[in-house]
Asker: 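Once you've had a glance at the structure underneath, I'll fire off some questions.
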Amino acid sequence: MIDLLSDTVTRPTPEMLNAMFSARVGDDVFSEDPTVNELQEKAADLFGMEAALFCPSGTMTNQIAVNVHTRPGDEIIAHQYSHIYNYEGGGAAFNSGCQMRLLEGDRGLLKADSVENAINNRFDIHAARTSLVAMENTCNKGGGSCYEWDTLVEIGEVARLNDLAYHLDGARLFNALVAKNQPAKDYGELFDSISICLSKGLGCPVGSLLLGTEPFIKEALRVRKKFGGGMRQAGYLAAAGIYALDHHVERLAEDHEKARLLEAALKNCSWVKSVEPVETNIVIFYLHDNRDPKIFTRDLAEKGIRIISMGQGKLRMVTHLDVSKENIQKAASLLEEF
Ligand SMILES: *Cc1c(COP(=O)(O)O)cnc(C)c1O
């Protein structure tokens, strides 16, 4: 099976497993796991941020950020495609009592003027207090789309002038950094908090990091405890993260190349209505109206290719470390014959 379901399906490489086996560990709930501490410091340094916190999932890092940046009854501005809104089980409402103001924008990307127009008047007691702008880069449901740097700066300016916290769901931020050839430190300077996933394109079995200022991470540590996310000898997992930051970032360019091969193949298929422009490791395409996405994905699985249907007619393929270029070429010819 050529598994293009998600970049989360990867298994640790032998080298990563070796790093995990030989990790030095301690009790991380007492902040005494040397490998977790090393990973947190390494990630914070990489982004030029003060501190970082290792968590079990990207949902948790996003939800902790929401909790620390807001008060119950507040409003969060985000894109209607955002993971925080669509795929976190209503967590912003459940965990933090917040409602969301969802905006439109091409391929999951927001613009500064629409963010500015969505901010409630803080002197109007009838309106919810807007307190957070939650961005996503790359945007998953937008087809792995990347923001232009200027847009991120403009929206950051709007947030700053209006006293709003500026959070980035960077589950696949490294894909954007590699695609745009941009240093991580730019992002560290711009955002109040950043969530990155180690378990996506970086190929770790588990783990995400939340980055921010020292006081923010201190508060985040308390919230992680409340959310039940404190782990003990988590250094075995953190060792995979250190290994991935050292060895699996630059190779993301290969995943992007593989995604472009799939894009080219789909463009040759008569049954494909359209393909979204590929920027990173995600390919989203649409079938002609008479084809049922459910039956299509099932038939494709029978031919040996696993993909996912995301609703609204969107079909998604994701390239990753565990699918070789040869397998992608095989998948491309299977698609063209399909
Ligand atoms: C995967 C993902 C997350 C976090 O998901 P977990 O499965 O909880 O790690 C957050 N945001 C985006 C955009 C994602 O793709």
Side-chain angles (χ1 to χ4, degrees), residues 3-12 39 43 52-67 76 78-92 94-96 100 102 105 107-110 132-147 152 167-177 179 187 191 193-211 220 223-224 227-229 231 234 237-238 240-241 244 252 255-256 259 276 279-284 307-311 314 316-321:
D3 199 345
L4 304 173
L5 188 82
S6 173
D7 46 7
T8 55
V9 301
T10 56
R11 274 157 238 195
L39 171 66
L53 186 65
F54 185 53
C55 293
S57 73
T59 298
M60 186 176 281
T61 44
N62 278 333
Q63 290 299 320
I64 291 173
V66 166
N67 195 264
I76 301 165
H79 194 281
Q80 59 174 353
Y81 286 177
S82 64
H83 193 279
I84 289 189
Y85 174 70
N86 288 286
Y87 304 119
E88 299 187 8
F94 184 85
N95 297 313
S96 302
M100 301 201 62
L102 299 174
R107 309 190 65 227
L109 307 175
L110 295 172
L132 172 64
V133 181
M135 305 289 283
E136 186 174 315
N137 199 26
T138 70
C139 179
N140 173 21
K141 209 169 179 169
S145 52
C146 302
Y147 273 95
L152 293 173
H167 172 72
L168 176 65
D169 175 352
R172 296 190 181 82
L173 179 54
F174 285 106
N175 293 88
L177 293 177
Y187 278 80
F191 286 93
S193 56
I194 300 177
S195 156
I196 57 172
C197 284
L198 301 165
S199 56
K200 301 268 165 93
L202 296 188
C204 295
V206 180
S208 288
L209 286 154
L210 182 61
L211 303 147
V223 177
R224 188 187 69 177
F227 287 177
M231 298 184 286
L237 301 172
L252 291 171
D255 295 343
H256 301 172
E276 302 219 337
E279 292 182 64
T280 53
N281 68 332
I282 298 180
V283 187
I284 286 185
I307 72 164
I308 202 169
S309 165
M310 296 183 92
K314 287 180 195 287
R316 188 189 78 169
M317 297 177 178
V318 189
T319 57
H320 52 79
L321 179 91

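Counting begins at 1 with the first residue of the sequence. In this text the structure is predicted, and so the values were computed from the model without any measurement. Numbering of ligands and ligand atoms starts at 1, following listing order. Only heavy atoms go into these numbers, but all of them, side chains included; no hydrogens, no water, no symmetry mates.
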Asker: More than 12 heavy atoms of other residues, nucleotides or ligands under 6.0 Å from OH of Tyr147: is that the case?
Answerer: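 Counting other residues, nucleotides and ligands, OH of Tyr147 exceeds 12 neighbours.
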
Asker: May I ask you to identify the nearest protein heavy atom to atom 9 (O) of ligand 1, giving residue, atom name and distance to one decimal place in Å?
Answerer: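 Protein heavy atom with the smallest distance to atom 9 (O) of ligand 1: Gly58 N, 2.8 Å.
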
Asker: What is the distance from atom CE of Met135 to atom CD1 of Ile194, rounded to the nearest 0.5 Å?
Answerer: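 Taking CE in Met135 and CD1 in Ile194, the distance rounds to 11.5 Å.
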
Asker: Where is the tightest heavy-atom contact between Ala43 and Leu209, given as atom of each residue plus distance?
Answerer: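 Scanning both residues, the minimum pair turns out to be CB-CD1, 3.6 Å.
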
Asker: Look at ligand 1 and say whether Arg172 reaches it with a heavy atom at a distance under 4.0 Å.
Answerer: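 In this structure, Arg172 qualifies as a contact of ligand 1 - some heavy atom is under 4.0 Å.
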
Asker: How far apart are the closest heavy atoms of Leu202 and Leu252, and which atoms are they?
Answerer: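 That closest heavy-atom pairing would be CD2-CD1, 4.2 Å.
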
Asker: Nearest 0.5 Å, what's the SG-CD1 distance between Cys55 and Ile64?
Answerer: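 Interatomic distance, Cys55 SG to Ile64 CD1, rounded to 0.5 Å: 4.0 Å.
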
Asker: Verify whether one side chain among Asn95 and Asn67 offers a donor that lies under 3.5 Å from an acceptor in the other.
Answerer: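 Asn95 vs Asn67: no donor-acceptor pair found between side chains.
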
Asker: For atom 14 (C) of ligand 1, grab the closest protein heavy atom and report residue, atom and distance to one decimal in Å.
Answerer: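 For this ligand atom, the closest protein heavy atom is Lys200 NZ, 2.8 Å.
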
Asker: Provide the number and element of each atom of ligand 1 under 4.0 Å from a heavy atom of Ser57.
Answerer: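 Selected atoms, number and element: 8 (O), 9 (O).
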
Asker: For Asn62, which part has a heavy atom under 4.0 Å from ligand 1: side chain, backbone, both, or neither?
Answerer: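 Near ligand 1, Asn62 shows its side chain, while the N, CA, C and O stay back.
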
Asker: I'd like to check Glu136 versus His79 (side-chain heavy atoms, cut-off strictly below 4.5 Å). Are they in contact?
Answerer: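 Not touching, per the 4.5 Å side-chain cut-off.
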
Asker: As a check for students: among Asn86, Asp7, Thr59, identify the option with a heavy atom nearest to atom 7 (O) of ligand 1.
Answerer: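 Answer by nearest heavy atom: Thr59.
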
Asker: Among all protein non-hydrogen atoms, which one is nearest to atom 13 (C) of ligand 1, and what is the separation to 0.1 Å?
Answerer: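 Its nearest protein heavy-atom neighbour is Glu136 OE2, 3.2 Å.
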
Asker: Just distances here: any N/O of Cys197 and N/O of ligand 1 closer than 3.5 Å?
Answerer: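 N/O-N/O distance under 3.5 Å: no.
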
Asker: Nearest protein heavy atom to atom 11 (N) of ligand 1, by residue and atom, and its distance?
Answerer: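 Closest protein heavy atom to atom 11 (N) of ligand 1: Asp169 OD2, 2.6 Å.
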
